[in-house]
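Here's the structure, in structure tokens; my notes come after.
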Amino acid sequence: MRQILVTSALPYANGHIHLGHLVEYLQTDIWVRFQKLVGNRCVYVCADDTHGTAIMISATQQGITEEELIARMQKAHMADFAGFDIEFDNYGSTNSPENREYCAEIWSALRRAGLVVEKEVTQLYDPVAGTFLADRQVKGTCPKCGAANQYGDNCDKCGATYSPSELKNPVSAFTGATPENRSANHLFVNIERLRDFLTEWTQKGDHLQPEVANYLAGHFLHEPLRDWDVSRPAPYFGFEIPDSPGNYWYVWFDAPIGYMASTRQWCDRHGENFDDWWRSDKTEIHHFLGKDITYFHTLFWPAMLKTAKISLPKKVHIHGFLTVGGEKMSKSKGTFVRAATYLEHLNPAYLRYYYASKLTARVDDLDLNLDEFVAKINSDLVGKVVNLASRAAKFVKKTGLSAAYPDDGGLFRQAAADGRTIAEAYDECDFNRAMRQIMAVADRANQYVEHAQPWTLRADAAQAQRLQDVCTVALNLFRQIVVYLAPVLPRLADQTAELLNRPIRHWDESQEPLVGTPVSKFTHMMKRVEPKQVDAMIAASAEPEADNAAAATFDDSPEPLADEPLTGVCTFDEFAKVDLRVARIVAAEDVPEATKLLHLTLSLGGEKRLSVFAGIKGVYEPESLVGRLVICVANLAPRKMKFGTSEGMIAAAGAGGKEIYLLSPDEGAKPGQRVH
RNA sequence: GGGCCCGUAGCUCAGUGGUUAGAGCAGGGGACUCAUAAUCCCUUGGUCGGAGGUUCGACCCCUCCCGGGCCUACCA
């Protein structure tokens, strides 16, 4: 039995999980579930990556503390992962005491090894945000062609390159302030001194995919490795460096250490010894990550681990990016789909299978083609796999499976033997190959049913035994397929366990046929995907194209959002409970005894009226309201008030007091229409 | 500006320095009706992005070009 520790890259706490992230978490989760299913001891840890300038600035813009921001985002991330059946053994945060502890430990090892050097760095500084800026965080007018709103390093329009100080009208991308030059001392790690080790480790021992090893050899290791800048001056959201007050560890220093910190939390919860997992040959460590962060994990991270005498990863599995319809994900096209949005429209099993069917052990990008997505789910999962149970189960509902496994022409044995190559494909992360082989088993099973014609057998009472046998074969082949698919489709495995009254706990359940068990009533295990559902998801994800030039001229204050920060995620179902309607105010009268209330009568068209008390007295005159359209909550539970019962609520923005702004629909809206 | 990856049938992808380049889906024809318009049988379809080169021989090696995606820009 292998003992395996698995990580996925830590998602940054500055944004929500989207379909691109899920390539990695699903790939990892499938691999982990496979390892657990075959009986290996496997622990899967992850955490939110919470430090850095971007978090600091976001928090300021939202008017909340960094801690609040990262706590909210962690909650959202964990909900998204759970929604996709991604099961971490521990999900931590880089802003944890455990992480600080391991950062200090590795840091002192780097110091002891004499690898830390100090150098002065001159950088652009944003005096308003009070923070240093990378070149990319400065924008201005291109000095060559005059194109507006270009980054501080080169021009997208004419391709010219320059330094940020050459930009005309340079501004901070965060605050719009004019940046200035400032110098500060930074701490660097001299990894050139570990060149021999890094060359050996990256080029030998199968720790990396071949293309990754080649890339490193050609791109980094052919020249002296530059010192790695691992500190940032205050203010910075992160951990202050103990022996360098006023300096903080750069987010990329403490992020991978978060793998250890998260493991530590798991160990503490389970009475495990941390050193058995990170300082022992008996544990294999596997990292899964995207190609953009290759060098952090294949040069700096091994260098840190080596120096601190901590276990090196056995394998770093690097994957490509997600494209949708062959293109980069786009917010304006609606292909930048958040995990939460997907879950409102589609079953997570669909995406799990689709990605599995496309993932290989290589670094290639993965394309999500939406038409193919629909076709593949309907054809493979519903048409081939679930169909097997669907066409056989009801014939044996009364009898259960045969007492002895009948002659099936060697089909079960063949598929059992296929389990070995399927398992190999899983273990090598070649899920595409595994899925192809599993579907081949499903094809053979459908051919078998076609040939055996249970629908003919059932018409002849003398063939009852034969009918039961045929269905026993069909259901066993189905179950075998479900075992093979269990890492990808855990819910299907559970449903199958219920149908056949036998849990699926181990890969080896695919090796012996199941006989003599009762068969439960068959219910649909997975619905076909309707293209309409996919369209709805894309429509829900589409954001109008932001015109950068125009956006720059708006100068909306961040205060309203800061005063009332965004609330937690609301699912579509929750939102759908609120029935918002267009309504016409047909009567409005003062309530003399009340200080804030007006009594409004709303028409939803036809005879439908709602009597509503609204707290807008003194802001709107009753006469001016009659005839206008508003948006109301039409299904709000009626509420008894001092002056009568209020049957709804009209929607308005503003802080209250004199600041109340009723919402109006655009022209053409009709009373009674629902707001979606 | 530097670099990486990809470009094989309509779509998504396998594939090996060597006989007639494969699969799934889609398309066409037929069968069946147990099943979520599912299944089964047969079948159309590719000058392997383009141009050179190496080789007895290249889709697979080299060069250049074109197209697509991505990373990075001296805090790699």
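Chain identifiers are assigned alphabetically (A, B, ...) following the order of the sequence lines, protein sequences preceding nucleic acid strands; residue numbering begins at 1 within each chain.
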Quick one, A:D243 and A:W107 - any side-chain contact, counting heavy atoms below 4.5 Å? yes
Between B:C25 and B:C64, how far is it from one C1' atom to the other, in whole Å? 37 Å
On RNA chain B, compare the nucleotides closest to A:R232 and A:N432; which residue's is nearer the 5' end? A:N432
Between B:C13, B:A76, B:U12, spot the one nearest the side chain of A:W228, thanks. B:A76
Measure up the A:F296 and A:W252 rings against each other and bin them: parallel (under 30°), tilted (30 to 60°), perpendicular (over 60°). parallel
Could you tell me how far apart A:R226 (CZ) and B:G2 (P) are, to the nearest whole angstrom? 15 Å
Would A:K119 count as a cation-pi partner of A:F188, with NZ or CZ less than 6.0 Å from the six-membered ring centre and within 45° of the ring normal? yes
Fit a plane to each ring of A:H21 and A:Y25, take the angle between them on a 0 to 90° scale, and name the class: parallel (under 30°), tilted (30 to 60°) or perpendicular (over 60°). tilted
Grab the stems for RNA chain B, please: at least three consecutive Watson-Crick or wobble pairs, both distances below 3.5 Å, written as range with range. B:1-7 with B:66-72, B:10-13 with B:22-25, B:27-31 with B:39-43, B:49-53 with B:61-65
For a quick check of understanding: with a heavy-atom distance under 4.0 Å over all strands, which category does A:R433 fall into, base, sugar-phosphate or nothing? nothing
In whole Å, what is the span from the NZ atom of A:K376 to the P atom of B:C13? 9 Å
In this structure, how many angstroms lie between the C1' atom of B:U72 and the CG atom of A:L216, rounded? 14 Å
Contact class for A:Y295 (heavy atom, under 4.0 Å): base, sugar-phosphate, or nothing? base
How far does the P atom of B:G45 sit from the matching atom of B:C40, given to the nearest Å? 23 Å
Could you tell me the separation between the CD atom of A:Q437 and the C1' atom of B:G24, rounded to a whole number of Å? 14 Å
Pairwise C1' distance for B:G10 and B:G46, with rounding to whole Å: 11 Å
Using the six-membered ring wherever Trp is involved, compare the ring planes of A:F373 and A:Y342 and label them parallel, tilted or perpendicular (cut-offs 30° and 60°). perpendicular
Using the C1' atom in both, what is the distance from B:C61 to B:C48, to the nearest Å? 16 Å
So, is A:R362 near the phosphate of B:C6, with a side-chain N or O under 4.0 Å from OP1 or OP2? yes
Tell me whether the count of non-hydrogen atoms from other residues, nucleotides or ligands lying under 6.0 Å of NZ in A:K315 goes above 12. yes
For B:C42 versus B:G50, give the span between their P atoms, rounded off to a whole number of Å. 32 Å
Between B:G24 (C1') and A:I377 (CD1): distance, integer Å: 13 Å
Checking A:R232 against A:Y248: charged group under 6.0 Å from the ring centre and within 45 degrees of the axis? no
Distance, P atom - from B:C59 to B:A21, rounded to whole angstrom: 10 Å
Could you tell me how far apart A:N369 (CG) and B:G68 (P) are, to the nearest whole angstrom? 18 Å
Separation of B:C70 atom C1' from A:D367 atom CG, nearest Å, is 14 Å
Provide the distance between the two P atoms, one in B:U72 and one in B:A14, to the nearest whole Å. 25 Å
5' to 3', nucleotides 33-44 of chain B under a 4.0 Å protein heavy-atom cut-off (B base, S sugar-phosphate only, - none) gives SBBB-SBSS---
For nucleotides B:C11 and B:G27, find the distance between their P atoms and express it as a whole number of Å. 15 Å
Going by heavy atoms in the side chains, are A:L499 and A:M525 under 4.5 Å from each other? yes
Minimum-distance pair of heavy atoms, taken over all atoms of A:T360 and A:Q27: O-NE2, 4.2 Å
Of the candidates B:C11, B:C13, B:G69, the side chain of A:K291 sits closest to B:G69
With side chains defined as the heavy atoms from C-beta onward, is the minimum distance between A:D49 and A:V251 less than 4.5 Å? yes
Distance, rounded to the nearest Å, where A:L368 contributes CG and B:G69 contributes P: 16 Å
Close side-chain approach of A:M304 to A:I257, heavy-atom, < 4.5 Å: yes
Would you mind telling me which of B:C70, B:C25, B:C6 lies closest to the side-chain atoms of A:D364? B:C6
